[in-house]
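Structure first, then comments.
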Amino acid sequence: MVVAFPSLEELYIYELRNIAKIWDKNLLQPESFSLSRSLGIQGCEKLRSLKVKGCEKLMNVIPSHILPQLKSIKTLEVFECPEMEVIVVLEKKEKETQEATNKDIIVFPELTSLWLEELENLKGVCAYKSEDRLCFNVQVAFPALEELVIRSMPNITEIWDTNLLQLESFCLLRSSGVRGYEKLRSLEVKNCKKLMNVVPSHMLPLLKNIRTLSVFNCPEMEVIVVLEKREEETQEAANKDIIVFPELMLLTLQRLENLKGVCAYKSEDRLCFNVQVVFPKLSTSPFYLDLDTHSRKIFTEATSRKQECATTDASSSGMQLQP
């Protein structure tokens with residue numbers, strides 16, 4: 001028997017602790033709806049919101065065969081799934097070459113809000129699965145994404161993959177007018193114990209329209225924005241750098257005890273804070289600028305462009321400030 005929900009717009013799955021999968025491959029793959037389509041009925045293609053919470057055995061949310069039916073989804077939220085390894089899992093075809101796989105781009109054209117929380121085993125957003133191996137050489141684009149929330153992900157060390165999310169990754173989509181992350185307005189990161197920075201160099205151009213940035217309780221966080229210093233770049237040229245967040249209106253930095261700066265160059269194990277950071281629309285009102293005592297000191301130094309460097313102390317595990 002085939003089950004279809006042609007008008008379904010919201011699907012919430014809460015605390016079904018024994019389910020290992022949401023979608024049945026035999027029932028919900030596109031071919032299952034061929035008879036219904038002849039009557040003008042399609043399955044799940046109007047789905048706008050999908051929320052999954054407290055499913056302890058669930059290892060993924062969206063398999064390959066469901067992707068075409070979720071092209072109109074706008075909100076995706078996944079909470080408290082301790083076995084979750086990947087959000088989207090793709091089946092790798094045996095005849096598919098590595099070169100072809102590297103060119104794959106998965107697009108969520110209408111997704112505006114992505115919320116990931118308490119997924120301690122999560123290894124990536126999208127991956128191929130072959131036998132028991134996950135392969136993460138897949139590019140994922142969210143051209144309409146406006147809100148990204150990442151909470152309680154204790155094992156992640158970075159948010160953005162340099163190879164997958166750098167500007168060049170979207171060149172193919174740009175020819176179709178699709179851009180990645182440039183509509184992002186709100187970014188929140190909270191309780192990520194191993195995360196050392198939020199925004200790397202290659203993501204800066206894609207986050208030019210961000211309005212709200214909130215970072216809470218990341219004890220290893222050293223810097224919010226980390227820049228890769230080019231070898232040929234001179235110290236004099238680096239000193240002239242200015243990083244601008246033209247649309248940022250609300251900034252929250254709380255419980256970041258290891259924070260050493262807002263923006264810095266990183267070369268090997270050395271952080272250099274000779275970068276000026278400008279927030280032209282950011283008010284100093286507490287409503288818009290929510291900083292604890294330590295973060296306020298760091299923010300003041302960054303916006304007044306103090307020349308400080310942090311280098312690795314061989315006798316300690318952290319970075320130490322040097323005048």
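Just so you know, these numbers come straight off a predicted model, no measurement behind them.
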Indicate yes or no: does K194 engage E220 in a salt bridge with an N to O separation below 4.0 Å. no
For the [atom1] atom of [X] and the [atom2] atom of [Y], what is their distance to the nearest 0.5 Å?
| X | Y | atom1 | atom2 | result |
| --- | --- | --- | --- | --- |
| S72 | E9 | OG | CD | 10.0 Å |
| I22 | I66 | CD1 | CD1 | 9.5 Å |
| I150 | I156 | CD1 | CD1 | 5.5 Å |
| L195 | I159 | CG | CD1 | 5.0 Å |
| I73 | L47 | CD1 | CG | 5.0 Å |
| S152 | N217 | OG | CG | 8.5 Å |

For the residue pair K123 / N121, report whether a side-chain donor-acceptor contact shorter than 3.5 Å exists. yes
Indicate whether the side chain of S113 and that of E147 have a donor and an acceptor atom separated by less than 3.5 Å. yes
Does Y14 form a side chain to side chain contact (heavy atoms under 4.5 Å, CB included) with K51? I'd like the steps, not just the answer. CA-CA 8 Å; Y14 286 3; K51 299 181 182 181; 4.0 Å; yes
Which pairs count as side-chain hydrogen bond (donor to acceptor under 3.5 Å, both in side chains) when at least one residue sits in residues 75-84, sequence neighbours excluded? none
Keeping the roles fixed (side chain from [X], backbone from [Y]), state whether a donor-acceptor pair exists under 3.5 Å.
| X | Y | value |
| --- | --- | --- |
| T112 | E146 | no |
| D292 | R255 | yes |
| N209 | E182 | yes |
| N155 | E120 | yes |

So do N191 and R151 actually touch side chain to side chain, heavy atoms under 4.5 Å? no
Which word best sums up how the rings of F142 and F108 line up, parallel for under 30°, tilted for 30 to 60°, or perpendicular for over 60°? parallel
Count the heavy atoms of every other residue, nucleotide or ligand shown that sit under 6.0 Å from NZ of K193, and state whether that count exceeds 12. no
Is it true that atom CZ of F216 has more than 12 heavy atoms of other residues, nucleotides or ligands lying nearer than 6.0 Å? yes
Would you please test Y288 and F279 for ring-ring contact (aromatic ring centres under 6.0 Å, His included) and show each step? CA-CA 12 Å; Y288 300 101; F279 306 95; over 10 Å; no
